[in-house]
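What follows is one structure encoded as structure tokens, with my remarks underneath.
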Amino acid sequence: MILTPSGLIAYGRRIPVSIGRGGVTKDKIEGDGATPAGLLRITGLLYRPERVPCPAPWAIPLRPRDIWCDDPRSPDYNQLATTPLAASHEKLRRADPLYDLILTTDWNWPGARTGHGSAIFLHQWRRPGYRTAGCIAMSRTDLIWLAARARPGSTLLVSSAWKYSGVRGSAPVSRV
């Protein structure tokens, strides 16, 4: 997979996406709202079983107390954890559908470096063009399609040359 100025190219398709409100950066820090540049790998697939059918045999259902720690001072920083947790975190089972299906990446994981960013996911967007806090977001239909094809270790190249200007990409790419 490659994130390009015209969208996410994955498995012969160009997928329209939104990225972080801070654009793409080589110098990711916690809270900057940027999508990190570099070669990322898919590490996990989480889903809400009451909202989305199991997208792949390796997918893990989200439990009610599942969270993602985003507190650089916590030993659980940039990891899946469960409540109660005093450290700052994101609830993964949200009222909205953004995290009904999540592809996790190895950005700053394992062995997270303090303050270099956390919770860099591929997930559903709020709406086309709505920027994220650093993740890569797309339509529910495209995310379900992608989750059925991605595997643990699948690579995602994010170029630092991409300048954000809203939703990118929609035309299919021919298979080579």
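- Under a 3.5 Å cut-off, the side chain of W68 and the backbone N or O of I120 do not form any donor-acceptor pair.
- For the pair Q124 and D96, the minimum side-chain heavy-atom distance is 4.5 Å or more.
- Results of the side chain to side chain contact (heavy atoms under 4.5 Å, CB included) test with D106 over I42, L39, L40 single out L40 as the only residue that passes.
- No hydrogens or angles considered: a donor-acceptor pair under 3.5 Å links the side chains of T43 and T104.
- The two atoms that bring T114 and Y77 nearest to each other are CA-CE2, 4.1 Å, heavy atoms only.
- Criterion: ILVMFWY side-chain heavy atoms under 4.5 Å apart, direct or through other members. Under it, Y11 and I136 are part of a common hydrophobic cluster.
- Considering L46, I67, L62, D100 in turn, L62 is the only one that fulfils the side chain to side chain contact (heavy atoms under 4.5 Å, CB included) rule with R93.
- Under 3.5 Å, the side chains of S139 and T141 contain no donor-acceptor pair of N or O atoms.
- With sequence neighbours excluded, no residue satisfies ring-ring contact (aromatic ring centres under 6.0 Å, His included) with H89.
- Taking each heavy atom of I102 and F121 in turn, the nearest pair found is CG2-CG, 3.4 Å.
- Among all heavy-atom pairs drawn from N108 and G117, the shortest one is ND2-O, 2.9 Å.
- With respect to E30 and R73, no salt bridge is recorded, no charged nitrogen being found less than 4.0 Å from a carboxylate O.
- For the atom pair CZ (R21) and OG1 (T132), the distance works out to 8.0 Å, reported to the nearest 0.5 Å.
- Closest approach of G129 to S18, counting heavy atoms only: N-OG, 3.3 Å.
- Looking at D70 and S118, their side chains never bring a donor and an acceptor atom within 3.5 Å of each other.
- Scanning both residues, E90 and R94, for their nearest heavy atoms gives OE1-NH1, 4.4 Å.
- Here the CG-CG distance, from D32 to D27, works out to 9.0 Å after rounding to the nearest 0.5 Å.
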So R140 and V52, side-chain contact (heavy atoms from CB on, under 4.5 Å) or not? Walk me through it.
CA-CA 10 Å; R140 186 181 195 93; V52 180; 3.1 Å; yes
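- A continuous path of Ile, Leu, Val, Met, Phe, Trp and Tyr side chains, each step under 4.5 Å between heavy atoms, connects L122 with I15, placing both in one hydrophobic cluster.
- Taken to the nearest 0.5 Å, the CD1 atom of I2 stands 10.5 Å off from the CZ atom of R14.
- Follow the hydrophobic side-chain contacts under 4.5 Å out from L156 and you reach L103 in the same cluster.
- Under the 4.5 Å side-chain heavy-atom criterion for ILVMFWY residues, no single connected hydrophobic cluster contains both V17 and L98.
- Atom CH2 of residue W145 and atom CZ of residue R13 lie 4.5 Å apart, to the nearest 0.5 angstrom.
- Around the CZ atom of R51, the shell of radius 6.0 Å holds more than 12 heavy atoms that belong to other residues, nucleotides or ligands.
- Checked by atom type, the side-chain pair R63/T82 shows no donor-acceptor distance below 3.5 Å.
- No continuous path of ILVMFWY side-chain contacts below 4.5 Å connects Y99 to W125, so the two sit in separate hydrophobic clusters.
- Although no hydrogens or angles enter the test, the distance criterion places a donor-acceptor pair under 3.5 Å between the side chain of R65 and the main chain of T83.
- The shortest non-hydrogen separation linking D142 to P16 is OD2-CD, 3.6 Å.
- In this structure, I19 CD1 and T25 OG1 are separated by 10.5 Å, a value rounded to the nearest 0.5 Å.
- Rounding to the nearest 0.5 angstrom, the gap separating the CD1 atom in I9 from the OG1 atom in T4 is 4.0 Å.
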